[in-house]
Amino acid sequence: NVVRASVDFKGETHTLWDQTASGQVVSRQFTGASTDTWENGGTVNPIFVSETTLAHPSQTTVNNTTYTFPGGSNKCLVVLLTADEGASGGVQDPETITYDGDGLTKLVGAPLSGGPPTYSDNYCAIYYLANPASGSNTFALQWRDGGSAEISGGARATLVAFHGVDQDTPMSSGANSSTSGSSSSVAVTTVVGDGVVSAITTTDGTITTGADQTEFDNTGLGSHAEGACSYEVATSTTTTMSYSFGASETFNHSTGIVNPSSASVGLDLIQHKTNLVALVGSSEDHLTYTSTDGVTWSISTTAITAGLL
């Protein structure tokens with residue numbers, strides 16, 4: 001790891017480091033009061049930015065929702081779908097899934113059968129779109145059950161915004177487990193810094209998300225099923241996304257990797273009023289991030305030097 005910049009802030013020395021293992025930029029603090037070590041701090045430019053979960057209405061036509069994608073560099077929109085139709089049948093892949101008119105690509109999902117159209121009980125799937133438009137645009141979803149009627153059991157879409165993603169191969173290593181049991185674990189081969197997303201739908205029961213995963217959604221899908229979505233940053237060559245149910249349930253569990261773009265570099269760190277401001281070089285962009293404590297960082301709303309590298 002390499003120290004790139006430092007500044008005194010709120011009585012402590014804050015520094016900006018290039019983390020060679022993940023290719024990201026991190027901040028660390030030094031007080032010297034108790035131990036002569038660098039401590040605290042956080043990732044300045046994590047690839048995960050934000051998530052929003054939408055409940056899909058029971059209708060057969062396209063449902064349009066205004067969704068705001070945060071401005072940034074090397075963007076990717078990931079959508080995690082969970083649904084179930086209960087006793088009346090399964091759920092098919094969406095007929096329409098677009099953002100600002102651009103169609104999303106399916107990475108992986110529950111095995112489909114029957115039909116036509118083909119469908120799945122305990123439906124889950126992962127879709128993505130590279131370089132989505134920034135700002136407020138329409139997310140359009142037309143999604144029906146196995147009989148092409150409305151999904152009356154329950155259906156949800158979790159929209160996840162990422163920055164700093166490889167635009168040639170935004171996602172990879174899609175894997176799905178379709179079986180029964182009191183828990184599910186899907187392992188994917190990763191490198192440090194990869195983003196791993198996961199969606200699961202079970203027949204019933206309460207889902208408990210793995211301890212190292214950030215839970216996006218966990219809710220009932222009607223009276224016959226339960227769905228959950230989560231995220232984890234890879235820290236080794238294998239990342240396992242896991243859920244437990246407390247009793248044996250039938251389930252589908254989909255997992256995929258969000259691939260970071262080229263390594264970023266910390267360029268400068270300053271204090272401005274009550275904030276730390278970090279300047280990061282990534283791909284062709286200068287990007288700025290702010291923090292009030294050196295631990296939690298947010299990308300600046302307006303990146304005035306974006307695209308100038």
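Considering only heavy atoms from C-beta on, Val26 comes within 4.5 Å of Thr43 through its side chain. Looking only at side-chain heavy atoms (C-beta outward), Phe245 and Ile207 come within less than 4.5 Å of each other. At a threshold of 4.5 Å between non-hydrogen side-chain atoms, the residues Leu159 and Phe69 do not count as touching. Between Leu81 and Trp143 the shortest side-chain heavy-atom distance falls below 4.5 Å. Proximity of Pro132 to Asp102: side-chain heavy atoms (C-beta onward) are nowhere separated by under 4.5 Å. Annotation: side chain of Glu226 is in contact with side chain of Asn218 (closest heavy-atom distance under 4.5 Å). You'll find the side chain of Ser148 reaches within 4.5 Å of the side chain of Pro117, heavy atoms only. Two residues are said to be in side-chain contact when any heavy atoms from C-beta on lie closer than 4.5 Å; Ile47 and Gln24 meet this criterion.
The CD atom of Gln271 lies 7.0 Å from the CG atom of Leu276; values are rounded to the nearest 0.5 Å. To the nearest 0.5 angstrom, Leu112 atom CG is 4.0 Å from Thr118 atom OG1. Interatomic distance, CD of Glu215 versus OG1 of Thr208, reported as 8.5 Å (0.5 Å rounding). Gln29 contributes atom CD, which lies 4.5 Å from atom CG of Asn40 (distance to the nearest 0.5 angstrom). To the nearest 0.5 Å, the span separating OG1 on Thr202 from CG on Leu221 amounts to 8.0 Å. For the atom pair CD of Glu12 and CZ of Arg28, the computed distance is 13.5 Å after rounding to the nearest 0.5 Å.
Between the side chain of Tyr99 and the backbone N or O of Ala133 there is at least one donor-acceptor pair closer than 3.5 Å. A donor-acceptor pair is defined here as one N or O able to donate and one able to accept, closer than 3.5 Å; such a pair exists between the side chain of Ser261 and the backbone of Gly164. Remark: side-chain polar atoms of Glu150 are not paired, donor with acceptor, to backbone N or O of Thr60 under 3.5 angstrom. A donor-acceptor pair under 3.5 Å links the side-chain atoms of Asp293 to the main chain of Val295, judged by distance alone. Side-chain atoms of Glu95 do not come within 3.5 Å of backbone N or O of Asp93 as any donor-acceptor pair. Not one N or O on the side chain of Ser198 forms a donor-acceptor pair closer than 3.5 Å with the backbone of Ser230. The main-chain N or O of Ser300 is never found under 3.5 Å from a side-chain atom of Thr288 such that the two would form a donor-acceptor pair. Side chain of Gln92 to backbone of Pro94: no donor-acceptor contact under 3.5 angstrom is found. At distances below 3.5 Å, at least one donor-acceptor pair connects side-chain atoms of Gln167 with backbone N or O atoms of Lys75.
Side-chain polar atoms of Asn45 and Ser264 form a donor-acceptor pair below 3.5 angstrom. In the model, Thr68 has a side-chain atom that pairs as donor or acceptor with a side-chain atom of Ser136 under 3.5 Å. Remark: the Asn259 side chain and the Ser172 side chain contain an N/O donor-acceptor pair separated by less than 3.5 Å.
Residue Ser120 is tested with Asp84, Asn252, Thr201 for a side-chain contact (heavy atoms from CB on, under 4.5 Å); the sole match is Asn252. Between Arg156 and the choices Asp217, Thr219, Thr82, Thr53, the side chain to side chain donor-acceptor pair (under 3.5 Å) rule is met once, by Asp217. With Met241 as the partner, the side-chain contact (heavy atoms from CB on, under 4.5 Å) test is satisfied by one option alone out of Val188, Val196, Ile200, Asp212: Val196.
Connection of Val258 to Ile126 is established within a shared hydrophobic cluster, with ILVMFWY side chains joined at heavy-atom distances below 4.5 Å, either directly or through further cluster members. Leu141 and Val160 fall into different hydrophobic clusters, where Ile, Leu, Val, Met, Phe, Trp and Tyr side chains are chained together by heavy-atom contacts under 4.5 Å. Taking hydrophobic clusters as Ile, Leu, Val, Met, Phe, Trp and Tyr residues chained together by side-chain heavy-atom distances below 4.5 Å, Val280 shares a cluster with Ile299. Under the 4.5 Å side-chain heavy-atom criterion for grouping Ile, Leu, Val, Met, Phe, Trp and Tyr, Leu54 is connected to Tyr67 within one hydrophobic cluster. When the side chains of ILVMFWY residues are joined at heavy-atom separations under 4.5 Å, either directly or via intervening members, Leu104 and Met171 end up in two distinct hydrophobic clusters.
Pairing each heavy atom of Ser254 with each of Ala110, the nearest pair is OG-N, 4.0 Å. The minimum heavy-atom distance linking Ser134 with Pro70 is given by the pair OG-O, 4.0 Å. In plain terms, the two heavy atoms of Val44 and Ala278 that are nearest each other are CG1-CB, 3.9 Å. Minimum interatomic distance between Thr190 and Ser236 (heavy atoms only, all atoms of both residues): OG1-O, 2.8 Å. When every heavy atom of Asp100 is checked against every heavy atom of Asn137, the shortest pair comes out as OD1-OD1, 3.3 Å. Between Thr189 and Ser173, the closest heavy-atom pair is O-OG, 4.5 Å.
In this structure, the ring of Tyr243 has its center no less than 6.0 angstrom from the ring center of Phe251. Here the two rings, on Phe216 and Phe48, have centers that are under 6.0 Å apart.
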Query raised in the report: Would Val197 and Leu80 satisfy side chain to side chain contact (heavy atoms under 4.5 Å, CB included), going step by step from the backbone distance to the final call?
Result: CA-CA 8 Å; Val197 293; Leu80 309 172; 4.1 Å; yes
Report task. Decide side chain to side chain contact (heavy atoms under 4.5 Å, CB included) for Ile97 and Phe139; before the verdict, give the C-alpha distance in whole Å, the side-chain angles of both, and the deciding distance to 0.1 Å. Result -> CA-CA 7 Å; Ile97 179 168; Phe139 174 69; 3.9 Å; yes
Extract all donor-acceptor atom pairs below 3.5 Å that involve side chains of residues 4-11 and protein atoms in other chains or at least two apart in sequence.
residue, atom, partner, partner atom, Å
Arg4, NE, Asp18, OD2, 2.4
Arg4, NH2, Asp18, OD2, 2.9
Asp8, OD1, Thr13, OG1, 3.2
Lys10, NZ, Thr292, O, 2.8

